[in-house]
Amino acid sequence: MIRTIAKQVKEYRNASIVTPLFMLLEVIMETMIPFLMASIIDDGVNAGDINHIYRIGGLMIVCALIGLCGGMLGGRFGAKASAGLAKNLRAEMFGHIQTFSFANIDKFSPAGLVTRLTTDVSNIQNAYQMILKMLMRAPASIICALVMAFMINARLASIYLIAALLLGTALILLVIHATKYFQQVFPRYDDLNASIEENVSAIRVVKAYVREDYETKKLNKASENIYKLFVKAEHNVIINSPLMMFTVYSCIILISWIGAKMIVADSLTTGELMSLLTYCMNILSSLMMLSMVFVMISMSVASVQRVCEVLDETPDLVNPDQPIMEVPDGSIRFENVDFSYHKNTKEYVLSDINLDIRAGETIGIMGGTGSSKTSLVNLISRLYDVSNGNVKVGGNDVRNYDMDVLRNQVAVVLQNNVLFSGTIYDNLRWGNKDATDEECQEACRLACADDFIRAFPDGYNTYIEQGGSNVSGGQKQRLCIARALLKNPKILILDDSTSAVDTATDARIRRAFREDIPNTTKLIIAQRISSVQDADRIIVMDEGRISAFGTHEELLASSEIYREVYESQTSGGGDFDEKAGD
């Protein structure tokens, strides 16, 4: 786990090394000052030697300046190293997430991934900075102060040693007890972020159903859970402060009482007593800093575990050793395919699928809700791997292709259409980053999007808000279709992607596909019979199996399911899930 995080220090390794060295320099200079102060009092003030005072005073100023520079440089390089670690962690996590299959992503909620990339990485950043600066500074300060104290007077210094050991033991016990609560806190942030993300993205629905109070209560509940755990953890940590103060004042009283007696007995000088009191404060304040480091580390342990879960996740889908780098054509073949989203289950989402689709064919896919239409087409672009059997595109098993090459030739317009913030041109060029304006406009013409785009005041330079919130559902669908067409794919999959457009526009889109991209294999998932009845062949799905496969006329004659749906939609409306006469 530590090795996984340490790998991300990378180019900030030098800054990570020099930071504790500069902090050590600061500690040495700070330790020298009380020793010099004792010399000024004993050999300068008491002896009336003004030259000695000037000489040692000047040396104290030099030590203070060197210590100041060491502290400033340590802080600068520590901030650089910790911020660099956070930057590299986020980049590595985000890049690694891009390699995940859908199965990998299903293990982590979107809100959970956001929390890991933000809150958890920030915790690691803060802890790393504390480790670089304080984990060297605090122990070094304690050791140096104890050494100097024992050099002055071993009897009084033993008070520090006993206090430090007792206080250190107590602090470790407190931190260990508090850690279990901190480890429970950060997973709760996932629930909080999920509530916020869901509310903000669906704010129109929330307002339409007047559910603001419900959403507020849900958020308050998630926030309350975090609050309670933090309070429990802080109840343990807060004991640290009064315990520290009690120890500090007890040591000061003991040293002052015993030291005063020793001064009277001429076994200790006033300057030495002043130095010992200063070292007392140094030791105990360093213990306080060390306790803060332990608290920060205990808080970050859970974050480190959560970040490592993402970094150590092995993608389910990987390229073969010698991948095929070209898709010959858009032919598709399913051979005895079974598929399940979970590896260890015997219940398949798709069972015994056998299909043979020729390049350039238009295939309609129909079926009731939950009949696994989307699961079927997801296997073509290898968003998931089959459990049994194989899927072939262009005559080759999809597992033998380079995944980028395969997916560039299989364009998918999903059920949930997503547009990104930017101009219409920016969104279209997701399909082809090098597409010219004319190519973008031609794709929009085929998708029947050109007319409404030109009606906007800024035309193709119209800015699309995040998620496409400033365009209608039908407009969003057509922009997504145009974006897919710009890939110039050998296979085009429309997953219920014209449900929000009127039937006339739907017919124009299908006609454009038929006339302008005849060599592209087209798979159209739809609920409307009119969207697929002109297809070369139609697949009827039922409970994860192919119930029937043929032309519109053949299915009317042979498939009871298809015939019932056709009759229900042509005799008075209805969708695929409604049976005739219902």
Side-chain angles (χ1 to χ4, degrees), residues 204 330 360 362-365 377 408 410-536 569-570 573 575:
R204 290 170 177 79
T362 299
I363 303 295
I365 303 176
V377 297
N408 274 326
V410 182
V412 183
V413 184
L414 302 170
Q415 285 176 307
N416 298 322
N417 300 284
V418 177
L419 295 176
F420 298 88
S421 54
T423 66
I424 290 177
Y425 273 135
D426 292 337
N427 274 276
L428 292 173
R429 289 190 174 111
W430 273 68
N432 179 0
K433 64 181 180 180
D434 299 319
T436 64
D437 291 354
E438 291 73 20
E439 288 172 333
C440 290
Q441 293 166 17
E442 175 63 16
C444 288
R445 186 188 65 77
L446 292 176
C448 296
D450 184 68
D451 291 342
F452 78 76
I453 293 174
R454 294 187 183 278
F456 292 143
D458 296 326
Y460 280 83
N461 291 309
T462 299
Y463 189 84
I464 300 295
E465 301 292 342
Q466 184 178 11
S469 59
N470 59 332
V471 292
S472 71
Q475 290 171 338
K476 189 188 299 185
Q477 285 187 335
R478 283 175 278 173
L479 287 172
C480 290
I481 293 172
R483 181 174 64 189
L485 290 173
L486 272 174
K487 294 179 72 173
N488 192 25
K490 290 185 168 64
I491 299 172
L492 175 63
I493 299 172
L494 303 181
D495 190 352
D496 207 12
S497 303
T498 57
S499 58
V501 302
D502 59 83
T503 53
T505 302
D506 186 15
R508 286 170 55 202
I509 293 172
R510 286 185 282 109
R511 183 170 65 251
F513 287 173
R514 187 167 56 250
E515 295 174 355
D516 292 273
I517 51 172
N519 297 323
T520 299
T521 305
K522 298 163 282 289
L523 281 72
I524 303 172
I525 297 176
Q527 294 289 344
R528 293 188 300 221
I529 291 287
S530 59
S531 296
V532 298
Q533 67 180 23
D534 294 332
D536 296 316
Q569 291 189 6
T570 55
D575 61 26

Output yes when a side-chain donor or acceptor of N470 lies under 3.5 Å from a complementary backbone atom of Y463, and no otherwise. yes
Less than 4.5 Å apart, any side-chain heavy atom of L428 and any of C444? yes
May I ask you to decide if G360's main-chain N or O and T521's side chain share a donor-acceptor pair within less than 3.5 Å? yes
CD1-CZ distance between I481 and F513, expressed to the nearest 0.5 angstrom: 5.0 Å
Between CG of L494 and CG of L523, what distance do you get to the nearest 0.5 Å? 9.0 Å
Between the CG atom in D516 and the CD atom in E442, the distance rounded to the nearest 0.5 Å is 6.5 Å
I424 side chain reached by N461 side chain, heavy atoms, under 4.5 Å: no
Nearest 0.5 Å please: distance from the CD1 atom of I365 over to the CD1 atom of I493. 7.5 Å
For I529 versus Q569, what's the shortest heavy-atom pair and its separation? N-OE1, 2.9 Å
Do any N or O atoms from the side chain of N427 and from the backbone of L419 form a donor-acceptor pair under 3.5 angstrom? no
Given the rule in the side-chain contact (heavy atoms from CB on, under 4.5 Å) test, do L492 and L485 qualify, once you have shown the distances and angles that lead to the verdict? CA-CA 8 Å; L492 175 63; L485 290 173; 3.8 Å; yes
Would you say R528 and T503 make side-chain contact, with heavy atoms under 4.5 Å? yes
Between atom CG of D496 and atom OG of S531, what is the distance when rounded to the nearest 0.5 Å? 8.0 Å
Sidechain-backbone polar pair: K522 side chain, T520 backbone, donor-acceptor under 3.5 Å: yes
Would R511 and D534 count as a salt bridge (Lys or Arg N to Asp or Glu O under 4.0 Å) if you check the C-alpha gap in whole Å, the side-chain angles of each, and the deciding distance to 0.1 Å? CA-CA 10 Å; R511 183 170 65 251; D534 294 332; over 6 Å; no
Minimal heavy-atom distance between K487 and A411, with the atoms involved, is CD-CB, 4.0 Å
Please report the closest heavy-atom contact between C440 and L486, naming both atoms and the distance. SG-CD1, 3.9 Å
S530 backbone acceptor or donor facing Q533 side chain under 3.5 Å: no
Looking at I509, D451, D450, which one forms a side chain to side chain contact (heavy atoms under 4.5 Å, CB included) with R478? I509
Say whether, by atom type as modelled, one donor and one acceptor occur between the side chain of Q475 and the main chain of F452 under 3.5 angstrom. no
Where A526 and V532 come nearest, the two heavy atoms and their spacing: CB-CG1, 3.9 Å
Say you draw a straight line from CD1 of I464 to OG of S421; how long is it, rounded to the nearest 0.5 Å? 10.0 Å
Sidechain-backbone polar pair: D426 side chain, T423 backbone, donor-acceptor under 3.5 Å: yes
Main chain of F420, side chain of E465: is a donor-acceptor contact present, judged purely on distance under 3.5 Å? no
Nearest heavy-atom neighbours spanning C448 and T505: CB-CG2, 3.9 Å
Taking the six-membered ring of Y425 as reference, does the cationic atom of R429 (NZ for Lys, CZ for Arg) lie under 6.0 Å from its centre and within 45° of its axis? yes
